[in-house]
Amino acid sequence: YWGAPLPVWKTVPPPEGGRSGGGPEIFIPSSLKELQTRTKAKNNFILVRHGETDANRKNMLNQESATASGTIDAVLGEDKSLNENGQKQAQEAGQTLKDKNLNKENLLIFSSPFKRTLETAKIIAGGLGIGENQIVLDDRLTEWQVGEENNGKSWAQFYADNPGVNYLHKLMKGGKETKIDVQNRMTRFIVDMESKYSGKNIIVVSHKSPIACIYSRNEGELFEMGTGNIPAWHNAKNCEVIDLNYKPLPTDEEGNVNF
């Protein structure tokens, strides 16, 4: 037979001899969501999807190969990735963030190293009065890697080429990672930030799929392969600003939820 271990938490009593009422508390959550009522993030995470590009307007796949090892100037280059509307959206996102009255001393900006995200992050930083040299590139924030051979396809054609594929757990044709892979690397990023910082406002400029993946994970739902369940994704609009309200869960080194 097989079974899953039950997660049981037991509080460590203070030196005086325990909580009011006597003895440590034992807590057995009935769900991830119930467990999340007992956890609290050390930082405030704000997600922003990049501004509109011509590929977005045409609903086409746009894979890039930039990595965080490159410099900001090298990634930006001379040509623009955001179209005129995308640049306007980034300016509006910057104003939305400015209206939150975030303390600049406690503000961090992380960006996917793709050109469209970095352009967006640069415009946002400018609106907040922060130098672009303070933007940190991170490979864990890149778009879902579906493979260069799919570059330029419409999303409708991409899914039509992969009928019935459970893309949460299975690679699409030409793909390099599943949606669970994306979810786990975004989780690793958040967990890493929680281990390094406290009391920070962390702006994360990323893409539609990674934002949807971490948003889904934060909702306290698991989508195991045997169930066939697919999340109701929150598909962020270009330059949508999302307060994540992160609720930590125990994870392993790969980013999987692990009790």
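Sequence positions, counted from 1, serve as the residue numbers for this chain.
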> Considering residues at least two apart in sequence or located in another chain, which fulfil the side-chain hydrogen bond (donor to acceptor under 3.5 Å, both in side chains) criterion with Asp161?
Replying inline: Lys153, Gln157
> By side-chain hydrogen bond (donor to acceptor under 3.5 Å, both in side chains), which residues pair with Lys247, not counting sequence neighbours?
Replying inline: none
> What residues, two or more places apart in sequence or in another chain, satisfy salt bridge (Lys or Arg N to Asp or Glu O under 4.0 Å) together with Lys88?
Replying inline: none
>> So, using side-chain contact (heavy atoms from CB on, under 4.5 Å) as the criterion, who are the partners of Val165 when residues are at least two apart?
In response: Asn162, Lys170, Met172
>> Arg116: which residues meet the side-chain hydrogen bond (donor to acceptor under 3.5 Å, both in side chains) condition with it, sequence neighbours left out?
In response: His50, Glu64
> Can you list the residues that meet the side-chain hydrogen bond (donor to acceptor under 3.5 Å, both in side chains) rule with Glu34, with sequence neighbours excluded?
Replying inline: Ser30
> Considering residues at least two apart in sequence or located in another chain, which fulfil the salt bridge (Lys or Arg N to Asp or Glu O under 4.0 Å) criterion with Lys176?
Replying inline: none
>> Working to the nearest 0.5 angstrom, can you tell me the gap between Ile46 CD1 and Leu107 CG?
In response: 7.5 Å
>> Just to verify, what does Asn85 make a side-chain contact (heavy atoms from CB on, under 4.5 Å) with, not counting sequence neighbours?
In response: Glu52, Arg57, Asn83, Gln89
> If you link I, L, V, M, F, W and Y whenever their side-chain heavy atoms are under 4.5 Å apart, who else ends up in the same group as Leu82?
Replying inline: Ile123
> Can you pull the salt bridge (charged side-chain N to carboxylate O under 4.0 Å, His left out) pairs that have at least one residue in residues 90-105, sequence neighbours excluded?
Replying inline: Lys100-Asp243
>> Among residues at least two apart in sequence or on other chains, which ones pass salt bridge (Lys or Arg N to Asp or Glu O under 4.0 Å) with Lys196?
In response: Asp192
>> Test of understanding: with salt bridge (Lys or Arg N to Asp or Glu O under 4.0 Å), list the residues that count as partners of Arg185, not counting sequence neighbours.
In response: Glu177
